[in-house]
Amino acid sequence: MTKQLEFGLDTFGDVTSDSDGTPRSYPQVIRDVIAEGVLADQVGVDFIGLGEHHRDDFAISAPDVALAAIAGQTSRIRLGSAVTVLSSDDPVRVFQRFATLDAASNGRAEVILGRGSFTESFPLFGYELSQYEELFEEKLDIFTRLLTEKPVTWQGSTRPALVDQRVFPTTESGSLKTWIGVGGSPESVVRAARYGLPLMLAIIGGDPVRFAPYADLYRRALAQLESPELPIGVHSPGYVAATDEQAREEFWPEYKKMRDRIGADRGWPPMAKSEFDREAGPHGSLYVGSPETVAQKIASTVRALDATRFDLKYSAGPLSHDLLMTCIELYGTVVIPRVRELLAE
């Protein structure tokens with residue numbers, strides 16, 4: 001590996017439980033997430049990403065606000081969304097919020113834009129799901145124009161036009177790092193290349209190696225557009241404990257609760273233990289195990305995709321805050337150094 005590899009952590013602010021099974025309050029979960037971000041900074045993690053959701057099993061609906069709180073207690077970790085559902089937000093306000101976060105954090109803000117795999121924000125904010133594609137395409141077009149930090153003129157069908165409009169605040173660097181989050185659509189991969197934005201692949205099922213053609217498509221599209229090479233990141237769920245057995249025993253029941261609850265809304269059958277074991281195995285999308293097991297699997301994925309960042313989605317349903325803190329510490333102090341060793345061999 002000659003490229004600089006970054007390591008991140010992502011969470012949706014899953015509503016966790018105490019040791020007696022009592023769910024924590026939304027305010028307490030948010031305070032816990034802030035503490036998790038502070039610990040991630042202390043143990044050497046490069047990035048913390050907070051997802052945006054508007055449902056009762058996740059506490060974070062305003063990632064930029066929680067990230068600002070983390071910014072005030074940290075000095076080096078980069079701070080971003082994972083993801084911002086741009087389709088049901090206003091691109092001008094998204095830019096303003098993250099430019100403000102960038103100022104508050106001395107240039108550490110990032111934003112990952114996506115269409116979102118959850119759709120509860122559409123009726124909440126008065127958008128029609130029938131416009132799912134059109135909303136994202138038009139708002140992404142606006143957002144990428146705003147990234148120039150110059151006057152923008154734009155007209156479309158999903159929001160009022162902009163006429164020679166500047167948006168404030170601007171950033172000190174003149175650039176807000178912006179990624180496109182993609183779940184596996186070739187059209188979305190090409191769109192990221194067309195707009196000249198880094199690609200974040202959300203790999204939440206199946207063998208990560210099967211995403212290699214998407215990484216190749218992205219690089220070929222950039223080349224055809226005569227654009228410079230851009231980063232490719234990976235977002236996948238996982239959990240680190242002292243041993244493989246402990247990690248699976250702690251993670252499995254809580255992951256199943258989360259997976260089955262989401263699946264009930266989408267018509268999926270309950271998750272079987274055999275499916276979990278397959279996904280947590282060498283060729284699945286779950287990075288669950290001891291530091292050595294997780295490090296070996298991350299290194300394999302990074303090599304296969306020639307990725308430049310790996311983000312571990314470390315929270316899983318009601319899995320307790322204390323266990324998440326241990327996972328973060330092991331990820332930062334043991335997994336990350338070990339992956340760097342493996343990739344240097």
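Numbers here simply count residues along the sequence, with the first being 1.
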Calculate, to the nearest 0.5 Å, the distance between atoms CD and CG belonging to Glu229 and Leu222 respectively.
8.0 Å
On the 0 to 90° scale, with breaks at 30° and 60°, tag the Tyr255-Phe276 ring pair as parallel, tilted or perpendicular.
tilted
Does a side-chain heavy-atom distance below 4.5 Å link Leu197 with Leu147?
yes
In the structure I gave you, are the side-chain heavy atoms of Phe98 and Thr84 within less than 4.5 Å of one another anywhere?
yes
Please indicate whether Glu128 has more than 12 foreign heavy atoms, meaning atoms of other residues, nucleotides or ligands, lying under 6.0 Å from its CD.
no
side-chain contact (heavy atoms from CB on, under 4.5 Å) test vs Leu50 passes for just one of Leu79, Thr11, Leu9, Ile34, namely Thr11
Test item: side-chain donor near acceptor, Ser320 and Asp322, under 3.5 Å
no
Does a donor on one side chain sit under 3.5 Å from an acceptor on the other, for Thr74 and Asp41?
no
For the residue pair Phe251 and Tyr239, categorise the inter-ring angle as parallel (less than 30°), tilted (30 to 60°) or perpendicular (more than 60°).
parallel
Taking all heavy atoms of Pro291 and all of Ala242, pick out the closest pair and write down the distance.
CD-O, 4.0 Å
Hey, does Pro231 have a side-chain heavy atom less than 4.5 Å from the side chain of Glu6?
no
To the nearest 0.5 Å, atom OG of Ser173 lies from atom CD of Glu149 at 7.0 Å
Indicate whether the side chain of Asp244 and that of Ser290 have a donor and an acceptor atom separated by less than 3.5 Å.
yes
Rounded to the nearest 0.5 Å, what separation is found between the CG atom of Asp10 and the CG atom of Leu312?
8.0 Å
Could you tell me which non-hydrogen atom of Leu146 sits nearest to which non-hydrogen atom of Val92, and how far apart they are?
CD1-CA, 3.8 Å
For residues Leu140 and Leu86, determine if any side-chain heavy atom of one lies less than 4.5 Å from a side-chain heavy atom of the other.
yes
Flag the pair Arg97 / Leu101 as yes when at least one side-chain heavy-atom distance between them is below 4.5 Å, and no otherwise.
no
Taking C-beta and beyond as the side chain, do Lys256 and Lys273 meet within less than 4.5 Å on heavy atoms?
no
To the nearest 0.5 Å, what is the distance between CZ (Arg76) and CZ (Arg108)?
9.0 Å
Can you measure from OG (Ser25) to CD1 (Ile30) and round to the nearest 0.5 angstrom?
8.5 Å
I'd like to know if Arg55 pairs up with Asp265 as an ion pair, taking the criterion as any Lys NZ or Arg NE/NH1/NH2 lying under 4.0 Å from an Asp or Glu carboxylate oxygen.
yes
Heavy-atom check, side chain of Ile180 versus side chain of Arg191, under 4.5 Å
no
For Arg78 and Ala109 the tightest heavy-atom approach is NH2-O, 3.3 Å
Between Met258 and Val33, is there a shared hydrophobic cluster once you connect ILVMFWY residues whose side-chain heavy atoms come closer than 4.5 Å?
yes
d(Ser157 OG, Leu135 CG) to nearest 0.5 Å is 8.0 Å
Check for me, please, whether Met200 and Ile77 land in the same ILVMFWY cluster - side-chain distances under 4.5 Å, paths through other members count.
no
If you group Ile, Leu, Val, Met, Phe, Trp and Tyr by side-chain heavy-atom gaps below 4.5 Å, do Ile203 and Val302 land in one group?
yes
When the ring centroid of Phe143 is compared with that of Tyr195, is the distance short of 6.0 Å?
no
Is Val83 linked to Tyr127 within one hydrophobic cluster, defined over Ile, Leu, Val, Met, Phe, Trp and Tyr using a side-chain heavy-atom separation of less than 4.5 Å?
no
Could you tell me whether Glu172 atom CD has more than 12 heavy atoms of other residues or ligands within 6.0 Å of it?
no
Neighbour count above 12 (heavy atom, 6.0 Å) for Glu345 CD:
yes
Please say yes or no: joined through hydrophobic side-chain contacts below 4.5 Å, possibly via intermediate residues, are Ile298 and Ile232 part of one cluster?
yes
Within the 4.5 Å heavy-atom criterion, are Leu343 and Arg303 side-chain neighbours or not?
yes
Testing the basics here: between Pro337 and Thr333, what is the closest heavy-atom pair and its distance to 0.1 Å?
CG-O, 3.5 Å
Does Arg266 qualify as a cation-pi partner of Phe118, given the criterion of NZ or CZ under 6.0 Å from the six-membered ring centre and within 45 degrees of its axis?
yes
Side chains of Thr171 and Asp102: donor-acceptor distance under 3.5 Å anywhere?
no
Taking atom CD1 as the centre, does Ile204 end up with more than 12 heavy-atom neighbours from other residues, nucleotides or ligands that are less than 6.0 angstrom away?
no
